[in-house]
Enquirer: 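Attaching a single structure in structure tokens format; questions to follow.
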Number of protein chains: 2
Amino acid sequence: MPAGTVGETPLYQVVADALRARIRSGDLRPGDRLPTEHELMAEYGVSRNTVRLALNLLTAEGLITGGRGRAGRVVRLRELITIHVAHHDEPGRGAGNEDSPFIEAVHGHGFRPSQEIEVAVRRAPDGIAEKLGLAKDALVVLRSRLRLLNGDACSIADSYYPYELVKDTPIMEPYDIKRGAIGLLAERGWVQNRYVDEVSTRMPSPDEARRLGLSPGIPVLFQIRTGYVDDKPIRVTRTMLRGDRHRLVYELPS
Amino acid sequence: MPAGTVGETPLYQVVADALRARIRSGDLRPGDRLPTEHELMAEYGVSRNTVRLALNLLTAEGLITGGRGRAGRVVRLRELITIHVAHHDEPGRGAGNEDSPFIEAVHGHGFRPSQEIEVAVRRAPDGIAEKLGLAKDALVVLRSRLRLLNGDACSIADSYYPYELVKDTPIMEPYDIKRGAIGLLAERGWVQNRYVDEVSTRMPSPDEARRLGLSPGIPVLFQIRTGYVDDKPIRVTRTMLRGDRHRLVYELPS
DNA sequence: CAGTGGTCTAGACCACCGT
DNA sequence: CGGTGGTCTAGACCACTGG
């Protein structure tokens, strides 16, 4: 039964299912090496291309990694970092220090957090001007923070401010902001008292995957936070998080 | 330059990049048909397998659909439904009628929502007993709601209740609950006053993909909500949402 | 160095679907 | 019916990596 067979399940599905079962059952554990492509060819009596179709499938599901050279393929580990983004006991939490949720999230987990900050002035990109209530081509300040864990990129937070609001403030400088950007704006009379989070997911573009060092099969989690003073938006933060590393937690009163 | 070439970008990447560019630029719009595999072979002078590698890549990125028979492949549409899960003006919103956030979300979008409810009594699955503060093998009631839009599955909400709390209530019946499950529990003295949402994402398992009718390249959004009376958990809802259809919105005071 | 995965070709049969 | 994508094989060369 060689070629385009039948109403049965495709061979590469059979192989993929078998491997998936071995992973789910614990026979193959996170970190373990998978059998070689050659071994799988022999084990299931199929061609290499068919084995590779199966392996590609599992990769796209995020179950295994690719593997170059002698390294072989490995069962992927899924270890989520919890980020508390809202907490009804301390309302200030969600709007506090610029990066405290990030820092707190990894605190005490043996991770060594760091970040790289870039600041730019530009015309508001698509969707941001609208959210900030500005004209389509208005100037905004973009603070881009690449967050690293033990040197590995794991999320990108891009904050946009109306230029007129933050010019001549430390927000324009690519350094940590004492008491956070929100606190700094508060000192200048813009006291944020409300924010809206939009959470969504999709597969990354190749460029986004490259920036986060993402391998195939890992989706990204998007969190877009708009901060308001009453009804005036003063800040939009667009955060892109590796889906295999993050969990957002909202704790709220009913 | 036939086989395993070079330090350049792989051929299938070149083809994928070209198609991606045509999609991003608007040359190919959502709903349009892609060129045939044969046409792409001719256009880029590569073998069919190489063309298919490129197309598989774009599929895994969620940019295009598969396509059988004469139907051809199509550029995918990404249209998000907004679900307001928390709203500081109406704290009751997030905990109100069992399915009001779902119904409200699609209200007035020309969608025709419906749902299929199943109820079962079983031992608490992994992670649920813990969240409910029950013994490992305690009995729970599972209310599973498959939510449909115009007949298409788009999310699955599984609610777990301690059996002792809800036996002999309408929660055990596979019908809509008047005033919602939360309201019903409140009438019986269990007034939920706090909840915690955990949001994460990953690629679906084949079974999950089948249940939601998901094609490759579409991640799922997970929302796990634990409802409390003070510190006693009374309900856990695990919602699995198609990533290409949903956006969760949390509106909060600072 | 030796073995692994990465890339590529040429050719084949079949299931499905619109016309 | 005829063309599309789905599945599969056999064989080839190369790049990368660990020992």
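Basis for what follows: all heavy atoms, side chains included, without hydrogens, waters or symmetry-related copies. Lettering of chains follows the sequences in order, A, B, ..., and the numbering in each one begins at 1.
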Enquirer: What nucleotide among dT9(D), dT7(C), dT9(C) has an atom nearest to a side-chain atom of S47(A)?
Expert: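 In terms of side-chain proximity for S47(A), the closest of dT9(D), dT7(C), dT9(C) is dT9(D).
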Enquirer: Looking at E116(A) and R145(A), is any side-chain nitrogen of the basic one under 4.0 Å from a carboxylate oxygen of the acidic one?
Expert: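 Salt bridge absent between R145(A) and E116(A).
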Enquirer: Tell me which residues in residues 205-215 of chain A put a heavy atom below 4.0 Å from DNA chain C, sorted by number, or none.
Expert: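 Contacting residues: none.
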Enquirer: Which pair of non-hydrogen atoms, one from H246(A) and one from S155(A), has the smallest distance, and what is that distance?
Expert: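 Heavy atoms of H246(A) and S155(A) come nearest at NE2-CB, 4.2 Å.
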Enquirer: Just by modelled atom types, is the E61(B) backbone N or O under 3.5 Å from a matching donor or acceptor in the R202(A) side chain?
Expert: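 Side chain of R202(A) to backbone of E61(B): no pair is present.
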Enquirer: Quickly work out the L11(A) CG to dC13(C) P distance and round it to whole Å.
Expert: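 To the nearest whole Å, that distance equals 17 Å.
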Enquirer: Output the rounded distance in Å from OH (Y12(A)) to P (dC8(D)).
Expert: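 So the OH-P distance, Y12(A) to dC8(D), works out to 7 Å.
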Enquirer: Which whole-number value in Å describes the distance from N49(B) CG to dC8(D) P?
Expert: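 From N49(B) CG to dC8(D) P: 13 Å.
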Enquirer: For N56(B) and dG5(D), what is the distance between atoms CG and P respectively, to the nearest whole Å?
Expert: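 These atoms are roughly 12 Å apart.
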Enquirer: Can S215(B) and R76(B) be said to form a side chain to side chain donor-acceptor pair (under 3.5 Å), step by step?
Expert: CA-CA 11 Å; S215(B) 33; R76(B) 207 192 285 282; 3.1 Å; yes
Enquirer: So E118(B) and R143(B), salt bridge (Lys or Arg N to Asp or Glu O under 4.0 Å) or not? Walk me through it.
Expert: CA-CA 6 Å; E118(B) 290 178 22; R143(B) 266 180 80 87; over 6 Å; no
Enquirer: Stepwise, does the salt bridge (Lys or Arg N to Asp or Glu O under 4.0 Å) test hold for D32(B) with R29(B)?
Expert: CA-CA 5 Å; D32(B) 285 358; R29(B) 307 190 138 278; over 6 Å; no
Enquirer: Can you tell me how far P of dC8(D) sits from CG of L57(A), to the nearest Å?
Expert: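 Atom-to-atom, L57(A) to dC8(D), this comes out as 12 Å.
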Enquirer: Write out a two-atom table: protein N or O, nucleotide N or O from nucleotides 2-5 of chain C, distance below 3.5 Å.
Expert:
unit_1	atom_1	unit_2	atom_2	d
dG3(C)	N2	R70(A)	N	3.4
dG5(C)	OP2	E37(A)	N	3.1
dG5(C)	O4'	G67(A)	O	3.3
dG5(C)	O3'	G67(A)	O	2.5

Enquirer: With respect to R247(A), which candidate in L221(A), T82(A), I83(A), L241(A) satisfies the side-chain contact (heavy atoms from CB on, under 4.5 Å) definition?
Expert: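 Only one of L221(A), T82(A), I83(A), L241(A) forms a side-chain contact (heavy atoms from CB on, under 4.5 Å) with R247(A), namely T82(A).
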Enquirer: Would D197(B) and R225(B) satisfy salt bridge (Lys or Arg N to Asp or Glu O under 4.0 Å), going step by step from the backbone distance to the final call?
Expert: CA-CA 4 Å; D197(B) 276 12; R225(B) 170 167 300 188; 2.7 Å; yes
Enquirer: Is any side-chain nitrogen or oxygen of T50(A) closer than 4.0 Å to OP1 or OP2 of dT9(D)?
Expert: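 True: T50(A) side-chain N/O within range (under 4.0 Å) of dT9(D) OP1/OP2.
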